[in-house]
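Reviewing the structure listed below.
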Amino acid sequence: MSEFDIVNKSYPQIDGLNKATGKTEFVSDLVLPNMLYGRVLRSPYAHARIDHIDISKAKSLRGVKAVITYDDTPRIKFGPRSEDWTILADGKVRFYGDEVAAVAAVDEDIAEEALDLIKVEYTELPAVFDPVEAMKPDAPLVHENKENNLAAEFKIEAGDVDQDLKNSYFVYKDRFYTNQVYQAYLEPMGALASVDLSGRITLWTGTQIPNMMRITYAKALGISLDKLRVIVPDYGGGFGAKMENNVHLITIVLAQKAGQPVKLINTRFDDFVGGNPRVAMYIDIKLGVTKDGFITGKDVHIVGTNGARTVYAPVIVATACYRPDSLYRFKSVRAIGHTVYTNTVPTSCFRGFGNSQMTFVLESALDMIAEELNIDPAELRLKNGIGENEVSIHGWKITSNGLKDCVLLATKKANWNQKRKKRKFFRGIGLACCNHVSGNRAFAREFDGGAGIVRIGRDGNVTVYYGESDMGQGQKTVFAQIVAERLGVPLDIITVEQVDTDISPFGMGSFATRGTLMGGNGVLKAAEDAFKQLAAVAADMLQAPPDEVECKKGKFFLKSSPQKSVSFKEVAEMATFKRAGAPVVGVGFYKPPTELPDPKTKYGNISPAYPFGCHIAEVEVDPDTGQITVTDYVAANDIGRAINPMAVEGQIQGGVAQGLGWTLMENMALDDKGKLINPDFLDYVIPCVMDVPEIKPILVEPVDPEGPYGAKGIGEPALNPVMAAITNAIYNATGIRIKELPITAEKMLKKLKEMKNKIK
Amino acid sequence: MKIPLTITVNGERYDLEIKPNRTLLDLLREDLGLTGTKKGCGLGECGSCTVLLDGEPVKSCLILALQANGKEVLTIEGLGKGKPDPLQIAFVEKGAVQCGFCTPGMIMTAKALLNKNPQPNDLEIKEAIAGNLCRCTGYNKIVEAIKSCAASTKR
């Protein structure tokens, strides 16, 4: 029997029935009295000068309440990482989809019609779409003041790579390409904005970073922070994309201009062309090994696509440069990452944050090395895998570590040894590992950690306030479980409030697989504080010292004589009476033992805990069509102690399906003018139920010393190993290694034909 | 120009005047305030807007409201009689709901399947929901939830 009542148990989402009955109000469902509908006019060119904009006809259309261009915005340069944003285009458009003007009208039809009436004269300019091309001296400049289109350069080095590679028995060298893909959450981005008489703005939006977004947006609007309130209702998925985006700011400016609330939800087209898709990367790798398979040095050069303005691409390229260095015992590593402006949609976070790109490359390289050395790929990982209580080459303090168990359990479940030996034509099995973080000190620079507020009113009901963001992964349920466990009450008396920057703690947000650990610890500390206050009252009622008092299943009792008890509700009522109506409010925070990495060496422990994983894919390749089918999938993930095993399984299965889509199906395709040619789900195909096999999750649960009840995160490591697991399986099936994602049937067929011709 | 429309939604009859280009989806969401039906793409490609029109699953973003004249529409809000439908409960309990945005459309599609075929096998379930996209769950738990609602007769 478990030592816990509520955590480490599978519960459905606490708000699940509201979602399943249609009662949940998502961002796009919200309505305010007198509300207008907004739409954005986007650039039809990848790079052009705006010579003239005529909005007069649009303005005079009946039902139109506001039309805005750059001149109507505060005209401030801003940005989450680099001040290369303006709210609307400032005389120049820099990507197909760039925001030129916007309209608010009484209904969507009129807003749409008004867009057609805005006349923009452009002079097209030479454009560049590929980051390697963009670095060349004669390439067109995306921003005149950014030489060579360089948005950022990242360098990291530890040990003597040149020497280690020179002394290696074998060095694997190759170039890989990971393409640009779209997060494809089912609810498009958007917002509802309202401005009160004092000019104070309320913004309802689905955002993973309500507090950090608020800081960026206050700057963009030229207002002080207190003039902007951000509320996060339920929203339909994020996967990294739902951070800063101009659509929110445009909604605000429209509401200011119209003097009425404005709702602006992207059409799916808008979301494709103006969202925050994944950073595409060219990755060159040199990876050395000894004769008996010990990894020596790794040398990497990455060129990543920033897009036309900087969202988070530079930190994502940096992450690709060094995160998997803490997966194995490297002797030496070196990486240079260039993030390069291009006339394409700005790129940003997508589950994996650069680690997924590099894990694909590293784990593909290891597969080739295993073959070269004639070592089993699983054996090679076990030989080199970092262990528990080790410090990695960049100073990451690995504490709990289930990597070895992940490999052993996954290979056992997938029947790896037998299947690798018994080769079948066009069927294959492949394996890949990954590491990740649970919070990233290098990203959250001001401070690290999480906080919570737990309020218990007279009625004994518990309300939890947190500062991260539940984008659908079930964070609210996990936090409710943690609080219920600590207070000793049933789950159904807990409500978790939506994040509201006026009320909730200042949370960093949901990214870097940090929610459960950081936010979970925050609400745990708050619950502890509330418990202490209630225990003092209960102790009075039971006439015993407070440390004699415990609470389980909604009853306070004495440890020495459990039959002496008083209900949680009675205690809450007494506490409120004693305080003249004041509720019990527990406040708490968690400050993790992380370090801001050294600016030069990047040495320092960036996360309080590190999750690991090992995935095994089986594929079937149709030799006549090139069609690749994933037939079986085993995913072992070290997640610390699972707060909610069913939710963890859901994260794993969802992450694997996304990775499968990226590997085999998804690609944002541009024409030679930089126009996205597949901005809808008919042409940009994401996995449907037919594409996804049974995904068998294995939960490896070493109790983590820092995690709440020992938990670590799962969001991103659910996806990180997928691309290499599948491509390694394809290699096992065919002997063909395609190094540019995605591996479509078309690409596969071409390679199969080439191979056939060679044999002839 | 507005055109009269008579439509029954979740058992309630409405006599309305609407613009001819109004989609059934916008009618439900904007005019009747039934926001349980979601708009994920507006192009009939994601399935989030699925409702039952005279018992048949349709993508309400592709149907003009006037095409539903004189017909009966069932939306997620109308499912179950006073208490949640077993499908709604199964989706929640099996972990088939994550962000929940695809859930109403997915459940309506599943409902139409079970109405016609109370004991579908796995492939029949998958074929039925192949036009409903979900980006959170990887579908495994959705199939499981629908399967658990299939008539309990031994198969």
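Here the structure is a predicted model, which means the values were calculated and not measured.
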request  = Looking only at non-hydrogen atoms, find the nearest pair between A:V648 and A:A642 and report the distance.
outcome  = CG2-CB, 4.0 Å
Minimum side-chain heavy-atom gap B:I142-B:C134 below 4.5 Å = yes
ask   = Which pair of non-hydrogen atoms, one from A:I726 and one from A:L660, has the smallest distance, and what is that distance?
value = CD1-CA, 3.9 Å
key: Student check: side-chain heavy atoms of B:E56 and B:K116 closer than 4.5 Å   = yes
ask   = So which heavy atom on B:L53 is nearest to which on B:A68, and how close?
value = CD1-CB, 3.8 Å
ask   = What closest approach, in Å, do B:L52 and B:P57 show between heavy atoms, and which atom pair accounts for it?
value = CD2-CA, 3.6 Å
query = Is it the side chain or the backbone of B:I129 that comes within 4.5 Å of chain A heavy atoms, both, or neither?
reply = both
inquiry  = Using heavy-atom distances under 4.5 Å, tell me whether A:P687 contacts chain B through its side chain, its backbone, both, or neither.
reply    = both
task = Output the option from A:P693, A:G238, A:G237, A:G472 having the highest count of non-hydrogen pairs under 4.5 Å with chain B.
result = A:G472
query = With a 4.5 angstrom heavy-atom cut-off, which part of B:L79 approaches chain A: side chain, backbone, both or neither?
reply = neither
ask   = Who wins among A:G236, A:G661, A:A657 for the most heavy-atom pairs under 4.5 Å with chain B?
value = A:G236
task = Check for a donor-acceptor pair, side chain of B:N69 on one end and backbone N or O of B:L5 on the other, with a separation under 3.5 Å.
result = no
message = Under 4.5 Å from any heavy atom of chain B, what part of A:M690 do you find: side chain, backbone, both or neither?
response = side chain
remark   = Of B:G36, B:P104, B:C41, the largest count of non-hydrogen pairs under 4.5 angstrom with chain A goes to B:C41
query = Any donor and acceptor pair, going by atom type alone, linking the side chain of B:D54 with main-chain N or O of B:E72 inside 3.5 Å?
reply = yes
Top of A:P188, A:G22, A:P12, A:A20 for chain B proximity - count of heavy-atom pairs under 4.5 angstrom = A:A20
Return one line per donor-acceptor pair between chain B and chain A under 3.5 Å, naming both atoms and the distance rounded to 0.1 Å.
unit_1, atom_1, unit_2, atom_2, d
B:N21, ND2, A:D109, OD2, 3.1
B:R29, NH1, A:D29, OD1, 2.8
B:R29, NH2, A:S28, O, 2.9
B:R29, NH2, A:D29, OD1, 3.0
B:E30, OE1, A:Y37, OH, 2.6
B:K38, NZ, A:D29, OD2, 2.4
B:G40, O, A:R268, NE, 2.8
B:G40, O, A:R268, NH2, 2.8
B:E45, OE1, A:F681, N, 2.8
B:E45, OE1, A:L682, N, 3.3
B:Q88, NE2, A:A20, O, 3.0
B:V97, O, A:Q13, NE2, 3.4
B:Q98, O, A:Q13, NE2, 3.4
B:Q98, O, A:K19, NZ, 2.7
B:Q98, OE1, A:Q651, NE2, 3.2
B:Q98, NE2, A:G650, O, 3.0
B:C99, N, A:G472, O, 3.3
B:R135, O, A:Q658, NE2, 3.0
B:R135, NE, A:Q183, O, 2.8
B:R135, NH1, A:E666, OE2, 2.8
B:R135, NH2, A:Y182, O, 3.0
B:R135, NH2, A:E666, OE1, 2.9
B:R135, NH2, A:E666, OE2, 3.4
B:Y139, OH, A:P687, O, 2.8
B:N140, OD1, A:I695, N, 2.7
B:N140, ND2, A:P693, O, 3.2
B:K141, NZ, A:E649, OE1, 2.6

message = To check you understand the geometry: which heavy-atom pair defines the closest contact between A:V692 and B:G138, and what is its length?
response = CG1-O, 3.3 Å
remark   = Of B:V97, B:I125, B:I89, the largest count of non-hydrogen pairs under 4.5 angstrom with chain A goes to B:V97
request  = Going by the side-chain contact (heavy atoms from CB on, under 4.5 Å) test, name the single residue among B:I63, B:L62, B:V9 that passes it with B:L24.
outcome  = B:I63
